[in-house]
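The shown structure was predicted, so the numbers you read here are calculated from the model rather than taken from an experiment.
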Amino acid sequence: MLKQHLQFKLSQKLSPQQIQLMKLIQLPTQAFEQRLKQELEENPALETGKEDLDNAADDYEDVYDDASDNETINTEDINIDDYLSDDEIPDYRTKANNYSTDDEEKSVPYAAGISFNQHLINQLNTVYLTDDEWNIAEFLVGSVDESGYIRRPISDIMDDLAFTQNIYTDEETITKILSIVQDLDPPGVGARSLEECLIIQLERKEITPSVELATDILKKSFEHFTKKHYQKLIQKHNITEDELKQAIGEIEKLNPKPGGSYSGNNRIVEHVVPDFAIRITEGELELTLNGRNAPELHVSREYSNMLKGYKEAKDKSKSQKDTVMFIKQKLDAAKWFIDAIRQRQQTLFITMNSIMQYQKEYFLTGDERNLRPMILKDIADEIGMDVSTVSRVANSKYVDTPYGTKLIKEYFSESMKNEQGEDVSTKEIKKILETVIQNEAKKKPLTDDKLAAILKEKGYPIARRTVAKYREQLSIPVARMRKEI
């Protein structure tokens with residue numbers, strides 16, 4: 001049976017200009033400069049520097065008024081996410097960085113140098129090897145991962161050498177060549193486990209009683225060491241607590257990821273350019289927008305004079321009309337871009353100012369316990385903008401404060417109720433949790449149950465599993481792993 005019914009759906013169509021404005025708002029400082037540079041290169045009607053924009057625009061506003069495509073850019077109640085495909089999301093949306101602090105730097109700097117793999121190959125060139133040994137060593141180096149480990153069994157490597165390199169050998173030969181690879185720098189490279197990595201590094205250190213004991217512990221009692229069973233180590237190795245402490249000190253100096261410390265990995269060197277700065281002057285907060293976000297732009301006088309000349313001309317040919325339409329298109333684009341930049345500056349400043357006032361007590365003191373619970377909607381409602389607009393500011397912008405430079409989204413947090421029924425920020429609870437753990441007795445660290453009991457005594461009744469979640473978010477290990485002798 002067929003049924004007919006009417007369905008009403010309310011949808012909002014965004015103009016290309018509105019979408020472009022949203023994209024401009026989410027750009028951090030360095031990316032914004034690149035976008036500005038691109039616009040200046042592509043539109044000769046747009047110029048930098050001061051000029052009377054209104055007078056420059058008057059000359060062409062009444063030329064082909066009917067062809068004008070100007071419209072007001074409205075940033076309110078816009079949810080742009082439905083209109084942007086994943087392909088349009090640039091890198092700065094997915095990374096928490098703002099690149100270089102150098103005003104003249106226009107590109108992301110890279111670490112100079114060769115690759116980690118090539119660094120190892122260059123060292124192999126100094127070792128005398130037969131052709132077959134060289135091929136095996138090169139294959140082993142190629143099996144080293146970014147942390148510096150070879151995580152494949154020797155038997156699998158032997159099979160791969162036979163099938164892919166036509167090299168038929170045995171496990172004993174491969175193990176012999178592996179020891180040569182493990183003699184390369186950085187110390188610990190080519191290890192097949194954390195235990196072997198640490199032992200290799202210790203064996204390359206100057207022999208002392210502490211180093212010898214540390215090596216013995218790793219070889220004979222690695223599991224006890226990782227689980228911090230200190231009393232068992234003392235009994236098994238017949239040593240004093242002080243001797244154990246010195247041996248553990250030697251182990252703690254070692255690098256568990258030798259490959260990660262190599263500077264030639266060609267990884268991007270990322271620096272932060274704050275988009276805002278907050279300063280305290282005579283007890284009051286002052287907010288400034290980074291000047292690199294507020295360029296001086298104006299419409300080209302030369303281009304507007306071209307329109308003026310066409311308007312005064314008596315004879316107008318078709319080619320002249322085509323030319324003037326092109327000129328007007330560029331002038332309209334330049335005028336829109338200048339207006340969009342102004343709206344971007346205004347949106348950034350209004351949003352950050354609202355956040356600053358909302359968290360005024362924190363910014364005056366720097367004490368994270370003074371951070372109020374704050375979600376995107378709180379700020380969006382206060383400034384009359386859409387949540388997505390606030391999100392674009394918070395997720396990609398940094399603010400320089402007297403207490404360091406931070407990503408703005410770090411000031412947002414959910415709320416919980418304390419015993420008095422008041423809303424408190426989860427950040428406040430995390431800060432108190434962190435302080436309690438810092439002051440605990442390291443010989444007997446507090447379990448999550450005990451931490452939950454302490455927080456309850458302080459007026460924060462939260463469950464043990466919530467304590468565990470907050471502790472993990474703070475990258476703090478469980479009590480057993482915090483134990484010290």
At what distance, to the nearest 0.5 angstrom, does [atom1] of [X] lie from [atom2] of [Y]?
X	Y	atom1	atom2	result
Met356	Thr401	CE	OG1	12.0 Å
Ser354	Ile379	OG	CD1	3.5 Å
Ile341	Leu36	CD1	CG	6.0 Å
Asp400	Asp275	CG	CG	11.0 Å

Might you point out which heavy atoms bring [X] and [Y] nearest each other, and give the distance in Å?
X	Y	answer
Leu184	Leu120	CD1-O, 3.9 Å
Ala247	Ala214	O-CB, 3.6 Å
Lys397	Phe276	CB-CE1, 4.0 Å
Ser155	Glu171	CB-OE2, 3.5 Å
Leu376	Ala394	CD2-CB, 4.3 Å
Gly190	Gln182	O-NE2, 3.1 Å

For [X], give me all partners under side-chain hydrogen bond (donor to acceptor under 3.5 Å, both in side chains), at least two apart in sequence or on another chain.
X	answer
Thr175	none
Asn353	none
Lys360	none
Lys232	none

Note to self: Could you walk me through whether Ser388 and Asp386 satisfy the side chain to side chain donor-acceptor pair (under 3.5 Å) test, starting with their C-alpha distance in whole Å, then the side-chain angles of each, then the deciding distance to 0.1 Å, before giving a yes or no?
What the structure shows: CA-CA 5 Å; Ser388 64; Asp386 189 78; 2.6 Å; yes

Checklist line | Residues which pass ring-ring contact (aromatic ring centres under 6.0 Å, His included) with His229, listed by chain and number, not counting sequence neighbours | finding: His224

Item checked: Phe32: partners by ring-ring contact (aromatic ring centres under 6.0 Å, His included), with sequence neighbours left out -> none

Note to self: Test side chain to side chain donor-acceptor pair (under 3.5 Å) on Gln246 and Glu250; report intermediate values, then the result.
What the structure shows: CA-CA 6 Å; Gln246 291 180 33; Glu250 292 291 345; over 6 Å; no

Margin query: Is it true that Gln231 and Gln235 share a donor-acceptor pair across their side chains at a distance under 3.5 Å?
Written below: no

For [X], which residues count as a salt bridge (Lys or Arg N to Asp or Glu O under 4.0 Å) partner, sequence neighbours excluded?
X	answer
Lys220	Asp216
Asp160	Arg152
Asp378	none
Lys469	none

Next item on the list: State whether the number of non-hydrogen atoms from other residues, nucleotides or ligands found under 6.0 Å of Asp156 atom CG is greater than 12.
Entry: yes

Item checked: Greater than 12 external heavy atoms within 6.0 Å of Gln346's CD -> no

Next item on the list: May I have the step-by-step check of salt bridge (charged side-chain N to carboxylate O under 4.0 Å, His left out) for Lys219 and Glu203, ending in yes or no?
Entry: CA-CA 12 Å; Lys219 287 181 177 180; Glu203 289 178 342; 3.4 Å; yes

Next item on the list: Show your reasoning for whether side chain to side chain contact (heavy atoms under 4.5 Å, CB included) applies to Leu46 and Phe337.
Entry: CA-CA 9 Å; Leu46 182 68; Phe337 190 76; 3.7 Å; yes

Notebook entry, point to check: What do the steps show when you test Glu223 against Lys227 for salt bridge (charged side-chain N to carboxylate O under 4.0 Å, His left out), and what is the final call?
Noted result: CA-CA 6 Å; Glu223 187 175 352; Lys227 292 182 177 180; 3.0 Å; yes

Next item on the list: Run the ring-centre check on Tyr411 versus Tyr362 and record whether the distance is less than 6.0 Å.
Entry: yes

Notebook entry, point to check: With sequence neighbours left out, which residue pairs that include part of residues 177-192 fulfil the salt bridge (Lys or Arg N to Asp or Glu O under 4.0 Å) condition?
Noted result: Asp185-Arg204, Arg192-Glu196

Donor-acceptor pairs under 3.5 Å, side chain of residues 131-141 to any protein atom, not counting sequence neighbours: which ones?
residue, atom, partner, partner atom, Å
Glu133, OE1, Thr130, N, 3.0
Glu133, OE1, Thr130, OG1, 3.4
Asn135, ND2, Asp131, O, 3.2

Checklist line | Sidechain-backbone polar pair: Glu252 side chain, Gly249 backbone, donor-acceptor under 3.5 Å | finding: no

Notebook entry, point to check: Do NZ/NE/NH1/NH2 and the carboxylate oxygens of Glu33 and Lys37 come within less than 4.0 Å?
Noted result: no

